[in-house]
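As structure tokens, the structure follows; a few thoughts come after it.
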Amino acid sequence: MARNWNGNLTENDVTPEHLWLNRRQIMAGMAGLGLGSIGGTAMAAPSDLTPNDYEAITHYNNFYEFGVGKEDPADYSGKFVTSPWSIEVAGLVDKPGTYALEDILKGKQIEERIYRLRCVEAWSMVIPWNGFPLSALLNQVGVQSGAKYVAFETALKPDEMPGVSRRVLDWPYREGLRLDEAMHPLTLMATGIYGKDLLNQNGAPIRVVVPWKYGFKSAKSIVRITLQEDQPFTSWKDANYREYGFYSNVNPQVSHPRWSQATERVIGSGLIPKRRETEMFNGYGDEVASLYTGMDLKKNY
Ligand SMILES: Nc1nc2c(c(=O)[nH]1)N[C@H]1C(S)=C(S)[C@@H](COP(=O)(O)O)O[C@H]1N2
Ligand SMILES: [Mo]
């Protein structure tokens, strides 16, 4: 099921940006396998993009519907039923409706994308996702011209989610993106990790991954996607708008009110965890900075 990002390019895919991303992805993959560089090709890929091991990726999680402890999602998500699954696509689209997961996956090419995940809590890891660009789904349903934002809603099943009895957030967990962010080729609908179907704790069976934003923007176990004109309600901004903005692009220069975002703790780096400097847009600035031209990112945090 897993396939590399260089697989099956169509003519439409062959733009300079895509080619660059391809090489970067291949390199990232090779770095993960310890293969080093391809015959001297000039390469912008970060050399330290080594995926975390499966154990860390599946046992150090935030999924508050199952509890607020990092191991709670692994320990308490066993009752969560993720099959059958469907996503309701609503709002300003040509083909609204409830789509079975199988129908969403039909014809979608599953790629591997090795991305950094930077949590707003100032820790990070590297995850080899499997999935398809959100743009493929949005193109399939036909986004109408009035749509400016995409809203995501997570499943809310209190009988299967022991964490939601505590009102840590205004459930269901909701997130959103501007339409151009949602259409960006880096924005992924993930269905797997390391070539295996997502486990419940990682957002089975399907979740969004937006690698240049703090992790909470990447909503798990999505059941509804709405195209709309207005900026969507988002759970964390609702919980505390001074701490969590709508954009929440990774930005080492904008501190969280209670801690600095300049550095991050590297999960899986040993008993005395290493810290690394946090990069603007989590290292994806070459690809995404142009989305924010002319915006004050300190105000629009
Ligand atoms: N539905 C839902 N999605 C969620 C969360 C959550 O609590 N509920 N936590 C977010 C946060 S804070 C992070 S850092 C990432 C973690 O993803 P991972 O556990 O797969 O690494 O998921 C995000 N998506
Ligand atoms: Mo997070």
Side-chain angles (χ1 to χ4, degrees), residues 51-77 80 82 85 87 113-131 151-158 160-177 187-194 196-225 232-240 243-245 248-250 256 258-259 261 264-268 278 282:
N52 279 84
D53 60 39
Y54 194 62
E55 175 68 19
I57 294 171
T58 57
H59 288 79
Y60 191 91
N61 300 106
N62 278 332
F63 200 163
Y64 278 14
E65 287 87 333
F66 298 105
V68 297
K70 291 290 180 274
E71 296 191 12
D72 289 349
D75 289 344
Y76 304 120
S77 64
F80 183 40
T82 61
W85 194 268
I87 297 181
R113 302 275 188 97
I114 301 171
Y115 284 163
R116 283 188 195 292
L117 174 91
R118 171 59 158 85
C119 178
V120 72
E121 298 163 333
W123 53 264
S124 69
M125 50 175 121
V126 176
I127 304 183
W129 302 103
N130 311 101
F152 304 97
E153 195 176 306
T154 293
L156 178 57
K157 294 169 146 189
E160 301 168 22
M161 296 175 145
V164 301
S165 56
R166 287 174 62 187
R167 281 187 68 86
V168 205
L169 293 170
D170 182 2
W171 314 111
Y173 192 102
R174 279 156 288 173
E175 255 312 328
L177 296 170
T187 302
L188 196 71
M189 291 300 279
T191 53
I193 289 172
Y194 273 121
K196 301 182 180 79
D197 288 347
L198 285 183
L199 297 183
N200 290 349
Q201 56 263 43
N202 293 106
I206 186 163
R207 54 92 60 83
V208 68
V209 180
V210 194
W212 70 94
K213 293 177 178 283
Y214 290 119
F216 69 86
K217 296 296 293 180
S218 295
K220 295 177 170 181
S221 304
I222 289 173
V223 292
R224 184 172 293 116
I225 298 177
F233 175 99
T234 54
S235 295
W236 278 105
K237 182 166 175 266
D238 169 72
N240 193 334
E243 302 192 358
Y244 310 100
S248 286
N249 293 313
V250 174
H256 184 281
R258 291 181 279 133
W259 57 82
Q261 296 289 24
E264 62 204 50
R265 181 166 53 93
V266 179
I267 300 299
T278 291
N282 205 23

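Counting convention: from 1, in listed order, for ligands and their atoms alike.
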I want to check something: taking the side chain as every heavy atom from C-beta on, are F233 and D170 in contact at a cut-off of under 4.5 Å?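 SC-SC contact between F233 and D170 confirmed.
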
Would you indicate whether the side-chain heavy atoms of I193 and L198 approach each other to under 4.5 Å?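 They are in side-chain contact.
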
Name the closest protein heavy atom to atom 18 (P) of ligand 1, giving the residue it belongs to and the distance to 0.1 Å.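 In this structure, atom 18 (P) of ligand 1 has K220 NZ, 3.4 Å as its nearest protein heavy atom.
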
For ligand 1, the portion of [X] having any non-hydrogen atom under 4.0 Å away:
| X | answer |
| --- | --- |
| Y173 | side chain |
| I57 | neither |
| E65 | side chain |
| E175 | neither |

Member of K70, Q261, H256 meeting the side chain to side chain donor-acceptor pair (under 3.5 Å) criterion with E121: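 The side chain to side chain donor-acceptor pair (under 3.5 Å) with E121 is passed solely by K70 among K70, Q261, H256.
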
Please determine if [X] has a nitrogen or oxygen closer than 3.5 Å to a nitrogen or oxygen of ligand 1.
| X | answer |
| --- | --- |
| N62 | yes |
| W123 | no |
| S218 | yes |

Among L169, V168, T154, D72, whose side-chain contact (heavy atoms from CB on, under 4.5 Å) with E65 holds?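 Filter result, single survivor: T154.
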
Just distance, no hydrogens or angles: give the donor-acceptor pairs under 3.5 Å from side chains in residues 199-212, sequence neighbours left out.
{"residue": "N200", "atom": "ND2", "partner": "S77", "partner atom": "O", "Å": "2.8"}
{"residue": "N200", "atom": "ND2", "partner": "F80", "partner atom": "O", "Å": "3.3"}
{"residue": "Q201", "atom": "NE2", "partner": "T58", "partner atom": "O", "Å": "2.9"}
{"residue": "N202", "atom": "ND2", "partner": "I57", "partner atom": "O", "Å": "3.0"}
{"residue": "R207", "atom": "NH1", "partner": "N202", "partner atom": "O", "Å": "2.7"}
{"residue": "R207", "atom": "NH2", "partner": "S218", "partner atom": "O", "Å": "3.2"}
{"residue": "W212", "atom": "NE1", "partner": "N249", "partner atom": "OD1", "Å": "3.2"}
{"residue": "W212", "atom": "NE1", "partner": "Y292", "partner atom": "OH", "Å": "2.8"}

Any carboxylate oxygen within less than 4.0 angstrom of a Lys/Arg side-chain nitrogen, looking at E175 and K213?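 The answer is no: the pair does not qualify as a salt bridge.
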
In terms of atom number and element, which parts of ligand 1 are under 4.0 angstrom from non-hydrogen atoms of [X]?
| X | result |
| --- | --- |
| L117 | 21 (O) |
| T154 | 1 (N) |
| C119 | 14 (S) |

Parallel, tilted or perpendicular, as decided by the 30° and 60° cut-offs, for the rings of Y214 and F216: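 Parallel, since the angle between the ring planes stays under 30°.
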
Atom pair OH (Y54) and CD1 (I127), whose distance is rounded to the nearest 0.5 Å: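 One gets 11.0 Å once the value is rounded to the nearest 0.5 Å.
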
